[in-house]
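A short write-up of the structure that comes next.
Just so we're on the same page: letters track the sequence lines, and every chain starts at 1. Everything numeric here is computed off the predicted structure, so don't read it as measured data. Computed over heavy atoms, backbone and side chain alike; hydrogens, waters and symmetry mates excluded.
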Amino acid sequence: MSTGTPIAEPAGLAAPAGTPALIQEPGTLAAFWRRLRARKSAVAGLVIVGLLILMAVSAPWIAPYDPTATDWANVRGHPSLAHPFGGDEVGRDVLSRIIFGARASLGAGLVSVALAVSLGLPLGLLAGYAGGWIDGVISRLTDALLAIPFLILAIALAAFLGPSLVNAMIAIGLSATSTFIRLTRAQVRAVAAEEFVEAARAMGNPPWRIARVHILPNIVPAILVQATLTIAAAIIAEASLSFLGLGQQPPEPSWGAMLNTAKNFMDQAPWMAIWPGLSIFLAVLAFNLFGDGLRDALDPRQRT
Amino acid sequence: MLRFLARRLALAVPTLILASMIIFALQQLLPGDVATALTGEERDPQVIAFIRQKYHLDAPLPVRYAYWAGGVLRGDLGESIRLQKPVSELIVEKLPVTLELACLAMLVALAIGVPMGVLSAVKRGQAADTIANGVALWGLSVPNFWLGILLILLFSVQLGWLPASGYVSPFESLSDNLAAMVMPAFVLGNAIAAVMMRHTRAAMLGVLGSDYVRTARAKGVSPMRVTLRHALPNAAIPIITLGALEFGQLLSGAVLTEQVFSVPGFGKLMVDAVFNRDFATVQGVVICTAATYIALNLAADLLSAAVNPKLRRA
């Protein structure tokens, strides 16, 4: 999955010019926050994400109309004062559907990535720390899953599970799991080779304690960056599945599903296609910006 | 090199077998009776009985997998109940269309991504770098089916320059074929262009920082020549191998792109099969995709090992 892959820059070139003083104290939360704030694009991403979440949560209070209420006077209605984003093919208010649609998109992004992390993190820890045949089995399984392109696996899973928003979340989450297994495994192996882990082992700490206390905290930054970027990919995936009719079912609003119907009315009601697409783009862009900024601010490459 | 090849093949084969098991196991997710579900819209008891017998649905799961995998190895991917055709025949029929689309898209991606990546690496931290990074971020964030809809809106509905859909075989009319493919290829190539730009930038930054480039600069070689003759060829290896891996992304993207532009390829076959609950076809398409991806992965590994002997030990 390309959107989620951090591209490694050669060591020493990671910090952009103009912020040298901020790289001095790695590790502390305050220093991290300062480095993150220094990146305008990351802050912009975070603000947009925050606003979108606010919009999704407060949808019932801020949406001007019921998102599923049809109005025959507003069928493919032009954008107007009463309906700023126009009306759809059965006269539903497009603005209200955009506002409520944020719930499906952000919900799917967050839930599916939470699923992928909660499956991928333990499996990756196990593979990376236990090694031996356990690692062999988990790694081969990960390779096999990664051999099926992300979206194709998600579509196939959703097709066999049956079309619904919950199944789409499960399908996307399972499809993204392999990325987290592989990342966690690689990170664990890098950290486990460090001297402080060896010292902890020499002091007689049990393996599970070393994994939890010494390894896990050190791999969190990389997982966090990957999770943020994967949310962006998952939002596109949910929109794609809904666009294909495999996600949110009508009449409940979803940006992807709105685009699917909009496709048939392009010459008469182009606004039906503009707003949902713009919303997906904005949400994905925000998570990508925030993820990129997070990666630069945490800079896991300088730790290993 | 031969030992490296053997080792890599020894890894690829179990991966493919495991992937086929996962794809086979998808059937188990179907709600209710598998035979009834596999027949889709068809409710004829005779057809259901035929399916039950053909896929040995009364046998235990491992036995069923063995029958299915044996068929796949012989090129038998099952029957499309709806189209009354072998799945393998459908795939062979649709594959060339998607391959054409994928190749054109790759061309677009390289033509946009590589120059942009080189430029942003050379002008690191300057305005051109910022703009190139912005364009890449756009490419990664815009949903390609929406971009497709926007292009249709502009070039087909408003301007009337290009057909919104419809596919013409290049053997019938090459110009009509290209006219129908230009928008899908651009839409599909757009996201990959962003990835190629990032790969190119990272690879170029690595090479530009190396000693021999500094030596070349010190000798007074012109900046243009240093970039294009000294740095780019060495940066090209990771670009090519990483590019090969983007092919999986290309196949994923093709599913939606073909749907938007009604291009009768591999992806449209899969989506139509999903809509018609034609599960044998879905499985067939997925396993072909996985096999293609594993083969490309292998090819990319071999290519990098052929160029860089150090990698052969890995």
- Give, for atom CG of B/Leu256 and atom CD1 of A/Ile155, the distance between the pair rounded to the nearest 0.5 Å. 5.5 Å
- Query: Yes or no on side-chain contact (heavy atoms from CB on, under 4.5 Å) for A/Leu153 and B/Val286, after CA distance, side-chain angles and deciding distance?
  - Reply: CA-CA 8 Å; A/Leu153 181 59; B/Val286 178; 5.7 Å; no
- For this output row, return yes or no: ring centroids of A/Phe243 and B/Trp146 closer than 6.0 angstrom. no
- Task: Carefully, step by step, assess B/Leu18 and A/Asp143 under the rule side-chain contact (heavy atoms from CB on, under 4.5 Å).
- Result: CA-CA 9 Å; B/Leu18 260 173; A/Asp143 284 348; over 6 Å; no
- Message: Would you say CZ of A/Arg140 has more than 12 non-hydrogen atoms from neighbouring residues, nucleotides or ligands within 6.0 angstrom?
- Response: yes
- Message: Looking at every heavy atom in both B/Leu137 and A/Asp292, which two are closest together, and how far apart are they?
- Response: CD1-OD2, 3.7 Å
- Item | Top contributor to chain A interface from B/Leu26, B/Leu11, B/Leu296, B/Val157 [non-hydrogen pairs under 4.5 Å] | B/Leu26
- According to the interplanar angle, ranging from 0 to 90°, do the rings of A/Phe160 and B/Phe279 count as parallel (below 30°), tilted (30 to 60°) or perpendicular (above 60°)? tilted
- Spacing of CD1 belonging to A/Ile148 relative to CD1 belonging to B/Ile287, to within rounding of 0.5 Å: 8.0 Å
- Report the distance from atom OG of B/Ser141 to atom CG of A/Leu289, rounding to the nearest 0.5 Å. 7.0 Å
- Message: Please determine whether side-chain contact (heavy atoms from CB on, under 4.5 Å) holds for the pair B/Leu153 and A/Ile274, giving the CA-CA distance in whole Å, both sets of side-chain angles, and the decisive distance to 0.1 Å.
- Response: CA-CA 10 Å; B/Leu153 206 56; A/Ile274 305 275; 4.2 Å; yes
- Message: For A/Trp275, is the CH2 atom crowded, meaning more than 12 foreign heavy atoms sit under 6.0 Å from it?
- Response: no
- Nearest heavy atoms of B/Val274 and A/Leu246, plus distance in Å: CG1-CD2, 3.6 Å
- Once you round to the nearest 0.5 Å, how far does OG1 of B/Thr289 lie from CD1 of A/Ile152? 4.0 Å
- Message: For B/Gln259 versus A/Lys263, what's the shortest heavy-atom pair and its separation?
- Response: O-NZ, 4.2 Å
- Note on the structure: Smallest heavy-atom separation, B/Ser252 atom then A/Pro149 atom, equals OG-CB, 3.2 Å
